[in-house]
Amino acid sequence: MMHRLISHALALLTVVGTFWGGAAHAQSFTCGPYAFTYEVRSGTSVVGVRCVKVVDDRSFTFYGEGRWGATEYRHLGYAIGDIFNGGRNFRGWSADIYGNGEDTAGFANGTLTLTSTAPISSGPAIVQVRGAYTEDWYRSTSNVALGFTRLPFDVRYCGGNLEQMWVPAMDGSYHVRCLLHADGHTNEPAAWYGAGYRSTSRYEHLGTAIFQWDGPRWGSTDLCISGAHYCGYTNYGSLGLARQSDTSIIVTGAWGEHWLRF
């Protein structure tokens, strides 16, 4: 299990009050102190949220969930630019997570264009998404999306757009890992979404890759959605993922896990 740095911000984040798997939800949402919280709006209503974790001005990972009318969705995305883009222009992938109650199963395979109003590492006010679908993300200056209610079911299955793996546990807890392959990296994930619980503590985290000349390295960030969630991070470049076979990945470095595909 990931080594986590418990944040003093948890005292503030308890007001968010998200509960796991079908219980009543408070009308607000935050990605926590280690990721930018963005809102997707319809008029004055917040109809979606995006948690954006930036590696540098060349790439970032995002997790999104929300509703378009009565249609509920979740997705995991990855965006990459180049060293000349000024941190503003990116090509993107977005894979819907489904099988838990979500209504959509789409996959944008590098067909998104993302444009930010400032370098992405600064947390720009607006990110425009065009291509396979169209939406605008608005940065929450408080890092809390007021008026948004989370989807009423947790993630136990990733759906067919993502490689699904599990962390074996003997105590009855579950740990799912949804891996996104992008930009020609078929063996190593460009990003992943992890979720589960141990005892009474829940966690959701984002992992993302740094693809360098000497090989890829990874890091991870907890989504500190409520005071009941783990809240911490590992530095980018501090994790290694070694694929042992089509059904096995060993994670080493700042924390260690064995991911299996059954």
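Small disclaimer: the values here were computed from a predicted structure and weren't measured. Throughout, numbering of the chain's residues begins at 1 and tracks the sequence.
The aromatic ring centroids of Tyr203 and Tyr197 lie 6.0 Å or more from each other. Centroid-to-centroid, the aromatic rings of Tyr98 and Tyr157 stay 6.0 Å apart or farther.
Below 30°, between 30° and 60°, or above 60°: for Tyr34 and Tyr233 the angle between ring planes is between 30° and 60°, a tilted geometry. In this structure, Phe29 and Phe148 have perpendicular ring planes: the angle between them is above 60°, well past the 30° mark. Ring orientation note: the planes of Tyr38 and Phe36 are nearly perpendicular, at an angle over 60° on the 30°/60° scale.
Salt-bridge annotation for Arg50 and Glu135: present, with a side-chain N of the basic residue lying under 4.0 Å from a carboxylate O of the acidic one. A salt bridge is defined here as a Lys NZ or Arg NE, NH1 or NH2 lying under 4.0 Å from an Asp or Glu carboxylate O, and Glu188 with Arg243 fails to meet this definition. Between Arg130 and Asp136 there is a salt bridge, since at least one side-chain N of the basic residue sits less than 4.0 Å from a carboxylate O of the acidic one. The pair Arg150-Glu204 meets the salt-bridge criterion, since a charged nitrogen lies less than 4.0 angstrom from a carboxylate oxygen.
Residue Ala182 comes nearest to Ala190 through the heavy atom pair CB-CB, 4.0 Å, listed as atom of the first residue, atom of the second, then distance.
With Tyr138 as the aromatic partner, Arg41 meets the cation-pi criteria of under 6.0 angstrom to the ring centre and within 45 degrees of the ring axis.
Defined by atom type and a distance below 3.5 Å, a donor-acceptor pair is present between the side-chain atoms of Ser220 and Thr234.
Using a 4.5 Å cut-off between side-chain heavy atoms of Ile, Leu, Val, Met, Phe, Trp and Tyr, Val55 falls into a hydrophobic cluster with Ile210, Tyr236.
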Please step through side chain to side chain contact (heavy atoms under 4.5 Å, CB included) for the pair Trp192 and Thr61, ending with a clear verdict.
-> CA-CA 9 Å; Trp192 77 84; Thr61 295; over 6 Å; no
